[in-house]
Each structure stands twice: as structure tokens, then as C-alpha cells.
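Below is one structure; the comments refer to it alone.
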Amino acid sequence: MSTPVPRARRTHPLRAEWAKFTTLRPLWTAPFLAVALSAGITAAVQAAYGRRDTSLTDDPMEGLYYGLNFGQVAVVCLGILLVGQEYASGTLTTSLAAVPDRLRFYRAKLLLGTGLGLAVGLATVGGQLAATTATVGLDLSAPGTVRALVAGVLYHPLLLVLCLALTTVLRNQTAALGLLSPAVFLGTTALTAVPVLRDAARFLPDRAGQYALRLADTPGTPYGHTTGLLLMAAWTLAATLAGLRTLHRKDA
Amino acid sequence: MIEIRDLTKAYGGRRAVDGLSFRVEPGRVTGFLGPNGAGKSTTLRMVLGLDRPTSGTALVDGRPYAALDRPLERVGALLDAQAVHPGRTAAGHLRWIAASHGLPARRTAEVLALVGLAEVADRRIRTFSLGMRQRLGIAAALLGDPAALLLDEPVNGLDAEGIRWIRSLLRRLADEGRAVLVSSHLMAEMALTADHLVVIGRGRLLADTSTADFLAHHGRRRVRVRAVDPAALAALLATAHPDAVPRGDGVFDVPDADPARLGALAAEHRVVLVELSLTHDSLEEAFMRMTADAVEYRAVAA
């Protein structure tokens, strides 16, 4: 009975999360879909024009990040699914029986989400940059260009973890999809059309984060480009803490 | 060993589990019985640290589940066979659970073979029947080769062969020295499987006893009699055994009677019997009687 039992390794919860990710098709296909949509649509549009489209804006980043509007749908879905599928299928019970320390469980989810987000961000921005350089060209020495590219990479893990954490708060995949997809894809854009709400909508995470992806200043924006990304990071941090609080307080 | 002490779980004012205390000892199968809604699943969830008790404790080898270092090697649990992602394969489902404890890949193959699912290891769970999902759930519970097993209604959805299989599996696991707790709302099933019974109703402990003692204590004797002339028998029983219950076709059940004396009594009154047999109440009836007051939702007789 007194056989020494090897202590649980710190990496085991992360390995379990990785195994959950690789054994479920909707999960492991989402990053590929995100990169394909973002980089693919950017490449297609830039190649179709053949030169930089300056009819609406002088900001070359508008064209480079055009595909992101589509690719980020897959990023949002991945963030929701990483947590939501556990609630939807009921595997959360088994997950918490295997890793009863809810902080360790949540930390593993966050680590996987951050890692996947970074990988998707690097591949997406890399692909969009390559497509843009090959077609319409890009002046990397123009002020703010490097900042906008780095912000584009970081935008992905921030968005993914934000969705992951909010799903943890909601504890319901359907509710998370219902709330987050229109909020990110319709809501905040629609809000900016209403003058009264426009000022408030500027502080929503996706609006603030995407401001860091632009070179041109939007008149009346009360923060700078880099601050926009920090604002988004603050949202993500707040959601993460709220998720932890929910996990600790509620029965599984 | 699993020890539950004064465990209580209240939702608002309603107590789903109410001051429950019992132990699950190694080396035997403990049947955890109660009508639906009696608090069995809530109790198991509190043992696993999924639900927080309002008061009281549930300990595994003297520690709360959440404080165990490698919990799946102490306790294997099957709470709900349907709580699996239908898009994963059987092997995929076990792989992530194994990964949480750094268990080798061959262990997932071993437990799949043990429950008879080796051939469908790479099929998606979507295509599995409830019986196959029960087997997969048992495979998951056995992954860590645990010293204790908690199985919530494992025979649900199993066919006759599956039920026989699980009975012999539970027996073998207990004989290996493991503590096995099996919940069920079917008394007859538990009578065949369990060495020990813990019966609850409305979250309270009703009985904590060996199966044999439970049967001896609650399984009431009755004598079944039938006569050539039913009217004569009815008249005789009306005076001698007013508690006799007519069962139709001239058959009467006489509770707590002695067949020899009943036969003598009939002979004395020249009532010719064609049947005289001693039967015990089934365990199911004893269980129904015991939990009658504790049944959560009962159909009101019209």
C-alpha cells in the first residue's frame, strides 16, 4: 500500500488539453481555417486589384488585414469551443475529476488558447504580409508598419482567450456563440453607425484591438494605436479573472 | 476507502442530501440504492469534488478528493455515460483522460479490450449505443487502475449479456480488493450484485446493512394457499387470518403465517387444499415498502 506514487506532473493538465484539441475535428481544423480565410482572402483581393486600392483610404493596412474580418470568425469559434464543448457534451465532469484543481485546469486551457492564438496570429500575419508584398507591395519602413504587424499577431491570442474566458463565465456554448459572434461581427460595427453609441463602442475589445492594426488615425479616437491593443488586453484579463471566479464558485 | 460523514447538500431550502453518513469498504460491492431523485448522484458528485457540500465531508483514503495527487489512481468514476463528446473516437476519449495523468497509450488499449470495445476503438462515439457508452464509461473509470470505483446506474441501457458481464466484472473488481460503489434504483439487480446495501430516500440514510441481513429483516414471509372450494377457504381465513389477501382464482396470500399450521388448520376444518407454499417477499417489494414515504414524485391513485 505504501508504494511511492509519482507526483502529478505540472504539464499533465496541458497535455490533456492538447489531447482534447487533437482528438476533435472541429477544434483542430479551426486554426487552419482561420489562417486560410485571413491570408487567402487578403491574397485574393490584393491580387485581383493588382495595385493598392486608395479609393477609400490611404492606409495600406486596410488591404493587408482585409481577410482578418473573415478569419477571425474561426478564431472566435475556436475560443468558444475550447471551453464550450466541455459544457455542451458534459465532459467537464470527467475533466474536473481528472484535474480537480480548477486553477490548474483553467491555466491549462488558457495556455493552450494563448499558444494556439499566437500560432494562428503568426501564420495569418505572415501569410497576409507575404501576399501583400508579392502583389501590391508594402513599405516596411513607413512609420507604424512594424507596430501594426506585431499588433496583428497579438490580436489573435487576445481575441481567442477573450472568447474562451467569456464562455467560462457563461458556462454554455450556445449562449457564448449567440452573444459573441454577433457582438464581434455585427454588433460593434453596427454600434459605430449610431452617433451616440459610437464613443462607447470604441472601447469594446475588438474595436480597440483593431485600431492597433491601422496606420491612419481615426479622428476623434480618444486613445492611440498601441493603447488600443492594451485596452483589448485589459478586457481579456478581466474576462480571464471573471472566468476563474466562476469556475471556483459554481458547482461543476 | 471512501468515507461520507454528515454530508448535506441544500439547494435553496430543499435538502437533496441530508446528513448522510456511510462508508464504502474495500473488497466488497456496495449497492447504493434509492428511488429516482433520492440524492444518489448528488452524493457521488460531492465525493468527486464536483459539487460543494453545504456541510459535512466526503473523504477518499482520509483526504478530500480535490487534495488527491493522482485522483484517477484512487477513484474511478462513471457518473453519466452520455457525457462524452460524440465527435471523438472511443480511443480519442480515453487518450485525453490518460494524458491528464501521463498514463501510457497501451493503457487505453488495455481498458478498451477489457470492456470489449477493442474493435470499435477508432469509431466515433456518435455511432455508439447506450450500452456501448456504458462500457466506454467503465473503461474510463478503470484507466488509472483505481482502488475505488463509483458507478452511477451502470446497468442502464445494457442488454442481458451486458448486465451479466457487469455483474461478474464488479465481483472481480471487489475480489481484487477494490472498494466498489454501484448506485441503482433497481433493488432486484442489486440483490444479485451487492454484498452490502446503503439505501437512501429523500437524501436520508434508510439502511446500511449486508444484503443478507436486509433480506432476512425486510423480506416478509407469506404462505400462498388455494383450495378445491374457494368459498370454504375464504370463510375459514376470514376468521383465522383476517389479513389474508385474495389474489383471484381462489388463491390467497397469508402474511407471516406458518405453512404447517395453516395446513393443519385447513385439514381440521375439512378444507381440501390444492396449493400450500411458502414464499418470501422479493427484495424489490421490501425496498418499495421502505422507501414508500421517501419517494419524491409519486402518482396519486385515482
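Below, chain A is the first sequence line, B the second, and so on; all start at residue 1. Bear in mind that the values here come from a model prediction, so they are computed numbers and not experimental data.
- Annotation: A:R107, atom CZ; neighbour count of heavy atoms from other residues, nucleotides and ligands within 6.0 Å is above 12.
- Note on A:G90, A:A108, A:A98: by heavy-atom pairs under 4.5 Å with chain B, the leading option is A:A98.
- Between A:A97 and B:L72 the shortest heavy-atom distance is O-CD2, 3.8 Å.
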*Chi angles and distances behind the side chain to side chain contact (heavy atoms under 4.5 Å, CB included) call for B:M46, A:D251*: CA-CA 9 Å; B:M46 286 193 282; A:D251 287 339; over 6 Å; no
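- The two residues A:R249 and B:R52 come nearest to each other via the heavy atoms O-NH1, 3.8 Å.
- A:R25 touches chain B through its side chain: at least one heavy atom from C-beta onward sits under 4.5 Å away, while N, CA, C and O do not.
- Heavy-atom contacts from other residues, nucleotides or ligands closer than 6.0 Å to CZ of B:R171 number more than 12.
- Side-chain contact between A:T23 and B:R95: present, with at least one pair of heavy atoms (C-beta onward) separated by less than 4.5 Å.
- The parts of B:L50 that come within reach of chain A are both its backbone and its side chain, each placing non-hydrogen atoms under 4.5 angstrom from that chain.
- Residue A:W18 places its CH2 atom among 12 or fewer non-hydrogen atoms of other residues, nucleotides or ligands, all under 6.0 Å distant.
- Other residues, nucleotides and ligands contribute more than 12 heavy atoms inside 6.0 Å of the OH atom of B:Y11.
- Between A:H12 and B:S100, the shortest heavy-atom contact is CB-O, 3.2 Å.
- Both the backbone and the side chain of B:A66 come within less than 4.5 Å of a heavy atom in chain A.
- With a 4.5 angstrom heavy-atom cutoff, A:S95 touches chain B via backbone and side-chain atoms both.
- No salt bridge links A:K250 with B:D51; every basic N to acidic carboxylate O contact stays at or beyond 4.0 Å.
- Under a 3.5 Å cut-off, the side chain of B:R88 and the backbone N or O of A:K20 do form a donor-acceptor pair.
- Between atom CH2 of residue B:W96 and atom OG1 of residue A:T91 there is a gap of 5.5 Å, rounded to the nearest 0.5 Å.
- The distance from the CG atom of A:L24 to the NE2 atom of B:H85 is 4.5 Å, given to the nearest 0.5 Å.
- By the neighbour-count criterion of 12 heavy atoms within 6.0 Å, atom CZ of A:F21 is densely surrounded, having more than that number from other residues, nucleotides or ligands.
- Of the candidates B:I97, B:V84, B:L48, B:D80, B:I97 is the only one forming a side-chain contact (heavy atoms from CB on, under 4.5 Å) with A:T94.
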